[in-house]
Amino acid sequence: MAALMLRFCCAGRRWTLSCVDGAFRQGRGPLTGSMSSRIRGQRSVAQHSFTTAQKLKKGEREWAAVVGLEIHAQISSNSKLFSGSQVHFAAPPNSLVSFFDASLPGTLPVLNRRCVEAAVMTGLALNCHINKKSLFDRKHYFYADLPAGYQITQQRLPIAVNGSLAYGVCIRSQHSQVANKTVRIKQIQLEQDSGKSLHDDLRAQTLIDLNRAGVGLLEVVLEPDMSCGEEAAMAVRELQLILQALGTSQANMAEGQLRVDANISVHHPGEPWGIRTEVKNLNSAKFLAKAIDYEIQRQINELESGGEILNETRSFDYKLGCTVSMRDKEGKQDYRFMPEPNLPPLLLFDSESLPAGADPQQVINIDQLREHLPELPSQTREKLMLQYGLRPEYSFTLLNEVGLLEFFHNVMKDTKAKPHTVTNWVLNRFLGSLKQHSLAVSESPVTPSALAELLDLLDGRAISSSAAKQVFQLLWRSPGKTPAQIVSEQKLELLQDREALEQLCRATLEGHAHVVMDLKKGNPRAINKLIGLVCKAALNRADPTLIKEILERQLSS
């Protein structure tokens with residue numbers, strides 16, 4: 001059998017493929033490989049009660065939805081998949097285009113080592129079997145932003161197959177508990193991106209930008225194991241976190257670095273699956289969930305009114321909140337797949353199969369990449385729960401919100417407050433304020449050090465909990481000030497004069513005899529009302545614990 005030799009051709013970790021010890025034979029064959037590890041995250045009892053995903057009721061019969069995803073992630077690499085052109089978002093149009101990207105005659109592809117390593121690392125993180133031999137193919141179709149008239153991809157034998165992705169879905173009916181779910185991964189393949197068409201409606205013309213043409217992509221194909229928009233969105237978010245942790249993709253959906261196609265169908269439970277539609281190019285988890293849920297309901301409505309579902313491609317109009325037909329798929333497009341003649345099979349090795357005396361710069365060792373995998377999101381959550389005693393849903397929120405985990409760690413580093421207190425403030429008051437003002441964590445006017453100082457004041461009983469909330473609101477409006485300055489200016493320090501506090505408590509008991517009577521009649525909640533009245537009279541400068549102690553002593557005397 002012919003062997004693969006990797007040859008560096010220039011700086012920047014680029015390499016080419018050549019044949020030694022014979023010629024390459026590129027015949028067609030079935031996908032090979034088996035599951036490299038058992039699927040983790042088995043479905044919990046809570047998962048089975050996730051009503052949104054399991055059974056959709058409309059009319060007299062129940063409906064079930066089936067959702068599968070195809071995800072395209074742009075590989076984090078300085079250069080493109082088959083050329084030395086740089087990759088840079090928002091560069092001037094057609095400023096990052098090599099002769100090969102423009103498909104000039106005589107140019108040949110040179111495979112980027114970094115992209116292959118990224119594909120292997122992603123496959124390992126997703127429990128895939130890594131094929132030691134994979135093939136490149138040409139997928140023919142004609143469009144203005146594809147100058148060659150074909151895309152180089154991996155149709156017959158991709159680089160990784162048979163994986164799994166474990167993710168969590170919140171069950172709101174059960175106090176925001178997290179249901180563990182798993183979606184199977186059919187395959188991960190390397191392919192090149194196309195260019196970008198810029199439609200100028202005013203001048204009735206289309207301009208072509210080839211900066212994106214040839215950029216390396218990972219296509220991750222998820223099996224149809226999901227059944228609603230929220231499941232799909234959470235699975236994509238988990239994949240996004242994994243890619244970012246690995247460094248294989250920045251996965252920024254706003255910049256088009258992660259794009260999703262969703263295949264959706266509905267059927268009656270126990271019956272064959274229905275005809276599916278495909279919703280293309282979804283570039284946000286929020287729109288992905290909305291598009292899938294809308295399409296599920298549209299198909300149910302269509303079938304119950306006597307209509308039929310067309311096998312078609314649709315797009316999501318986020319302004320209208322609905323999917324729109326683009327083109328039908330009844331006549332299957334013939335992409336005329338053929339082996340890529342300018343790229344021999346890609347051969348990978350493990351420690352056992354590594355040729356003796358092989359140059360490590362000329363080959364890729366799967367086991368070596370496995371050993372250097374970083375901590376994955378699931379492992380980070382486990383550490384958070386063990387180290388700080390967090391509930392599973394809290395660990396999910398800390399990771400799912402961009403920048404929130406780093407903010408949490410920075411607060412923990414600078415404060416003496418207990419993890420429970422920090423978690424409560426970060427996930428409730430801080431995150432709630434961000435969402436109320438539509439801000440990202442990076443845009444917050446309250447810094448981690450400011451929140452840490454505030455929590456230290458609260459933990460040291462320098463201020464009351466109600467005063468701490470007041471200080472937080474003032475910090476939000478006055479980001480230049482410290483909590484200590486605000487406490488001093490607003491005179492929010494706790495009253496330390498016990499005699500004065502006893503007088504306030506005595507006056508409150510005398511002025512609210514009906515509450516005292518209610519307490520003596522056996523209503524234990526009445527004491528909380530008395531505490532609140534005293535704290536209000538003290539302008540929120542009283543310690544509720546101390547006030548309760550004084551009130552109980554005065555009531556018993």
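Values reported hereafter were calculated over all heavy atoms of this structure, with side chains retained and with hydrogens, waters and symmetry mates removed. Quick note: residue numbers are just sequence positions, from 1.
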Exercise for review: With rounding to the nearest 0.5 Å, note down the distance linking CD in Q244 to CG in L239.
Suggested key: 9.5 Å

Exercise for review: For T415 and V411, indicate whether the former's side chain and the latter's backbone hold a donor-acceptor pair under 3.5 Å.
Suggested key: no

Point to revise | Heavy atoms of other groups near H268 NE2, more than 12 under 6.0 Å | key: yes

Check your understanding: What residues form a ring-ring contact (aromatic ring centres under 6.0 Å, His included) with F89, not counting sequence neighbours?
Key -> none

Review point. Do S249 and Q74 get their side chains close enough for a donor-acceptor pair, meaning under 3.5 Å?
Key: no

**Study point:** Taking every non-hydrogen atom, the tightest pair across S325 and E312
**Key:** OG-OE1, 2.8 Å

Review point. Which value, rounded to the nearest 0.5 Å, describes the distance between Q187 atom CD and N131 atom CG?
Key: 9.5 Å

Exercise for review: Please confirm whether R381 makes a cation-pi placement over F396, using NZ or CZ under 6.0 Å from the six-membered ring centre and within 45° of the ring normal.
Suggested key: yes

Point to revise | Aromatic ring pairing Y388/F408, orientation class (parallel under 30°, perpendicular over 60°, tilted between) | key: perpendicular

Revision key, fill the gap. CE (M226) and CG (L165) are apart, to the nearest 0.5 Å, by 8.5 Å

Check your understanding: With sequence neighbours left out, what residues match H437 under ring-ring contact (aromatic ring centres under 6.0 Å, His included)?
Key -> W476

Exercise for review: Carefully, step by step, assess E238 and K181 under the rule salt bridge (Lys or Arg N to Asp or Glu O under 4.0 Å).
Suggested key: CA-CA 11 Å; E238 186 69 12; K181 297 206 168 193; over 6 Å; no

Point to revise | Heavy-atom check, side chain of F472 versus side chain of W425, under 4.5 Å | key: yes

Check your understanding: Are T153 and D137 close enough that a side-chain donor and a side-chain acceptor fall under 3.5 Å?
Key -> no

Exercise for review: Show your working on ring-ring contact (aromatic ring centres under 6.0 Å, His included) between H267 and W63 and close with a plain yes or no.
Suggested key: CA-CA 6 Å; H267 64 282; W63 291 92; 8.4 Å; no

Check your understanding: Under 3.5 Å, is there a donor-acceptor pair between the side chain of S444 and the main chain of V441?
Key -> no

Review point. Are the side chain of R114 and the backbone of S76 linked by a donor-acceptor contact shorter than 3.5 Å?
Key: yes

Review point. Do other residues, nucleotides or ligands put more than 12 heavy atoms under 6.0 Å from E308 CD?
Key: no

Practice item. Determine whether V178 and N180 make a side-chain contact, defined as any pair of heavy atoms from C-beta on separated by less than 4.5 Å. Key: yes

Exercise for review: Identify the two heavy atoms, one from Q189 and one from P158, that lie closest to each other, and give their separation to 0.1 Å.
Suggested key: CB-CB, 3.8 Å

Review point. Will you find, in the side chains of S315 and N281, an N or O donor that is under 3.5 Å from an N or O acceptor?
Key: no

Review point. Any idea how Y141 and Y335 line up, ring-wise: parallel (<30°), tilted (30 to 60°), or perpendicular (>60°)?
Key: perpendicular

Practice item. Test salt bridge (Lys or Arg N to Asp or Glu O under 4.0 Å) on R259 and D193 and set out the steps. Key: CA-CA 11 Å; R259 308 191 295 272; D193 206 348; 3.2 Å; yes

Practice item. For E191 and H72, test the side chains for any donor-to-acceptor distance below 3.5 angstrom and give the result as yes or no. Key: yes

Exercise for review: State plainly whether the residues E223 and K186 are in salt-bridge range, i.e. N to O under 4.0 Å.
Suggested key: no

Point to revise | Sequence neighbours excluded - salt bridge (Lys or Arg N to Asp or Glu O under 4.0 Å) pairs with any residue from residues 67-76 | key: none

Point to revise | N112 side chain vs K80 backbone, donor-acceptor pair below 3.5 Å | key: yes

Point to revise | Contact summary for A245 and P374, nearest pair of heavy atoms | key: O-CG, 3.3 Å

Revision key, fill the gap. In this structure, CD1 of I364 is separated from CG of L347 (nearest 0.5 Å) by 11.0 Å

Review point. Do we see a donor-acceptor contact under 3.5 Å between the side chains of R314 and T323?
Key: yes

Review point. Is a side-chain N or O of T122 found less than 3.5 angstrom from the main chain of A118, in a donor-acceptor match?
Key: yes

Practice item. Using distance alone, with no hydrogens and no angle criterion, decide if S134 and Q154 have a side-chain donor and acceptor under 3.5 Å apart. Key: yes

**Study point:** Closest approach of L135 to K133 (non-hydrogen atoms, all atoms of both residues)
**Key:** CD2-CE, 4.0 Å

Study note, to complete from the structure: By salt bridge (charged side-chain N to carboxylate O under 4.0 Å, His left out), E219 pairs with (sequence neighbours left out) none

**Study point:** Matching residue for V426 among L431, L404, L455 - test: side chain to side chain contact (heavy atoms under 4.5 Å, CB included)
**Key:** L404

Point to revise | Modelled atom types, side-chain donor and acceptor of S197 and T206, under 3.5 Å | key: no

Review point. Does atom NZ of K280 have more than 12 heavy-atom neighbours, drawn from other residues, nucleotides or ligands, at distances under 6.0 Å?
Key: yes

Practice item. List for me each residue that meets side-chain hydrogen bond (donor to acceptor under 3.5 Å, both in side chains) alongside T277, sequence neighbours excluded, and say none if there are none. Key: E295, Q299

Exercise for review: Verify the neighbour count for atom CD of E406: are there more than 12 heavy atoms of other residues, nucleotides or ligands below 6.0 Å?
Suggested key: no

Review point. Would you say the side-chain atoms of D317 pair up with the backbone N or O of L320, donor to acceptor, closer than 3.5 Å?
Key: yes

Review point. Counting only N and O atoms by type, is there a donor-acceptor contact under 3.5 Å from the side chain of D145 to the main-chain atoms of S194?
Key: no

Check your understanding: Who pairs with F430 by ring-ring contact (aromatic ring centres under 6.0 Å, His included), at least two apart in sequence or on another chain?
Key -> F407

Exercise for review: Would you give the length of the straight line joining atom CD1 of I242 to atom OG1 of T248, rounded to the nearest 0.5 angstrom?
Suggested key: 9.5 Å

Exercise for review: Check whether any side-chain N or O of E304 sits under 3.5 Å from a backbone N or O of N301 as a donor-acceptor pair, and report yes or no.
Suggested key: no

Review point. Minimum heavy-atom separation for L210 to D101, with atom names?
Key: CD1-O, 4.5 Å

**Study point:** Euclidean distance, R237 CZ relative to L399 CG, rounded to 0.5 Å
**Key:** 8.0 Å

Check your understanding: Does the D225 side chain pair with the main chain of R184, one donor and one acceptor, at a distance under 3.5 Å?
Key -> yes

Check your understanding: Taking the side chain from Q192 and the backbone from G216, do they hold a donor-acceptor pair closer than 3.5 Å?
Key -> no

Study note, to complete from the structure: Between I292 and C228, the two heavy atoms sitting closest are CG2-C, 3.9 Å

Practice item. With the side chain counted from C-beta on, respond yes when V279 and V260 share a heavy-atom pair under 4.5 Å apart, and no when they do not. Key: no

